[in-house]
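Residues take their numbers from the sequence shown, with the count starting at 1.
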Amino acid sequence: MSKLKNLYQQLILDHSKNPRNFGSLPGANHLCQGKNPVCGEEIEVRLLVGENDLVEDIMFSGSGCSISQASASLMTQIVKGKTKAETIALFEAFQEMLKTSSSEELSPDLVSLLGKLTVFAGVREYPSRVKCAGLAWHVVKGALKHEIEAVTTE
């Protein structure tokens with residue numbers, strides 16, 4: 001196994017075992033829940049969005065596989081301090097990365113925008129895991145759009 005691939009696996013394992021920004025967020029003004037019925041993951045995202053549409057704080061809770069928990073954990077770290085528009089742009093870039101064929105190289109612009117999130121690029125080699133990695137991102141997008149119904153990966 002390459003050193004880089006090993007490092008990526010370690011980062012995902014660390015975030016799944018020790019998720020950042022996990023728990024409740026009193027005073028949240030944006031909330032959404034989501035489910036991945038195929039794997040049984042459930043995630044709730046709470047945000048505090050302030051002036052200028054800035055994500056001042058974000059927390060998540062729920063259960064799921066190591067990929068879904070690590071993705072949610074890293075997402076909260078990246079999204080905090082971003083605007084709604086920047087967060088939606090990250091959502092779209094993350095989805096593009098997951099949908100790019102595993103045989104294709106990711107564009108340098110996409111890699112630059114996603115930064116640490118590119119650790120999930122390897123997930124595209126396992127189509128059943130793509131929904132696990134993307135769930136938290138669909139939920140945060142739903143929260144920003146004030147979606148009332150729970151979002152799903154289906």
Completion exercise
OG of Ser71 to CZ of Phe120, rounded to nearest 0.5 Å, is 4.5 Å
Practice task
Check side-chain hydrogen bond (donor to acceptor under 3.5 Å, both in side chains) between Ser112 and all other residues, then give those that pass, not counting sequence neighbours.
Solution key: none
Handout entry: Atom pair OG (Ser61) and CZ (Phe22), whose distance is rounded to the nearest 0.5 Å
Key = 6.0 Å
Exercise for the section: Decide if atom NZ of Lys84 counts as having more than 12 heavy atoms of other residues, nucleotides or ligands within a radius under 6.0 Å. Expected result: yes
Practice task
Decide, yes or no, whether a salt bridge links Lys82 with Asp53 under the criterion of side-chain N to carboxylate O below 4.0 Å.
Solution key: no
Practice task
Starting at CG of Leu106, measure out to CZ of Arg124 and round the result to the nearest 0.5 Å.
Solution key: 4.5 Å
Exercise for the section: Could you tell me which non-hydrogen atom of Ile43 sits nearest to which non-hydrogen atom of Ala136, and how far apart they are? Expected result: CD1-CB, 4.1 Å
Exercise for the section: Following the transitive rule for hydrophobic clusters with a side-chain heavy-atom cut-off under 4.5 Å over Ile, Leu, Val, Met, Phe, Trp and Tyr, establish whether Leu31 and Val49 coincide in one cluster. Expected result: no
Exercise for the section: Mind listing the closest non-hydrogen atom pair of Ser102 and Glu125 along with its distance? Expected result: CB-CG, 3.5 Å
Would you be so kind as to tabulate the donor-acceptor pairs closer than 3.5 Å made by side chains of residues 90-100, with sequence neighbours excluded?
unit_1: Thr100; atom_1: OG1; unit_2: Glu96; atom_2: O; d: 2.7

Exercise for the section: Please name all residues satisfying side-chain contact (heavy atoms from CB on, under 4.5 Å) with Cys132, sequence neighbours left out, ordered by chain then number. Expected result: Asn36, Cys39, Glu41, Cys65, Ile67, Ser68, Arg129
Exercise for the section: Could I get the full list of side-chain hydrogen bond (donor to acceptor under 3.5 Å, both in side chains) partners for Gln33, not counting sequence neighbours? Expected result: Glu44
Exercise for the section: Could you tell me whether the side chain of Thr118 and the main chain of Ala121 form a donor-acceptor pair under 3.5 Å? Expected result: no
Handout entry: Distance (rounded to the nearest 0.5 Å) between Thr87 OG1 and Leu54 CG
Key = 8.5 Å
Completion exercise
In Ile78, Leu25, Val45, the residue satisfying side chain to side chain contact (heavy atoms under 4.5 Å, CB included) with Ile58 is Val45
Practice task
List the steps, then state whether side-chain contact (heavy atoms from CB on, under 4.5 Å) holds for Glu56 with Lys80.
Solution key: CA-CA 6 Å; Glu56 294 177 358; Lys80 195 181 291 187; over 6 Å; no
Handout entry: OG1-NZ distance between Thr153 and Lys35, expressed to the nearest 0.5 angstrom
Key = 11.5 Å
Fill in the blank from the handout: Contacts of Ser101 meeting side-chain hydrogen bond (donor to acceptor under 3.5 Å, both in side chains) (sequence neighbours excluded), chain-then-number -> Ser103
Problem - Backbone N/O of Arg20 and side chain of Ser73: donor-acceptor pair under 3.5 Å - result: yes
Handout entry: Heavy-atom check, side chain of Asp57 versus side chain of Leu47, under 4.5 Å
Key = no
Handout entry: Residues which pass side-chain hydrogen bond (donor to acceptor under 3.5 Å, both in side chains) with Gln69, listed by chain and number, not counting sequence neighbours
Key = none
Handout entry: Interatomic distance, Leu13 atom CG to Lys17 atom NZ [nearest 0.5 angstrom]
Key = 5.5 Å
Handout entry: For Cys32 against Val139, the heavy-atom pair lying closest together
Key = O-CG1, 3.2 Å
Problem - Note, Val38 side chain near Ser128 side chain (heavy atom, < 4.5 Å) - result: no
Handout entry: Exercise: identify the closest heavy-atom pair between Met59 and Gly23
Key = CB-O, 3.5 Å
Handout entry: Minimum-distance pair of heavy atoms, taken over all atoms of Leu135 and Gly34
Key = CD1-C, 4.0 Å
Exercise for the section: Determine whether Leu48 and Leu144 fall in the same hydrophobic cluster, where Ile, Leu, Val, Met, Phe, Trp and Tyr are linked whenever their side-chain heavy atoms lie under 4.5 Å apart. Expected result: no
Handout entry: Test item: Leu74 and Val119 side chains (from C-beta on) under 4.5 Å apart, heavy atoms
Key = yes
Exercise for the section: May I ask you to test the Phe60-Arg46 pair for a side-chain heavy-atom distance under 4.5 Å? Expected result: no
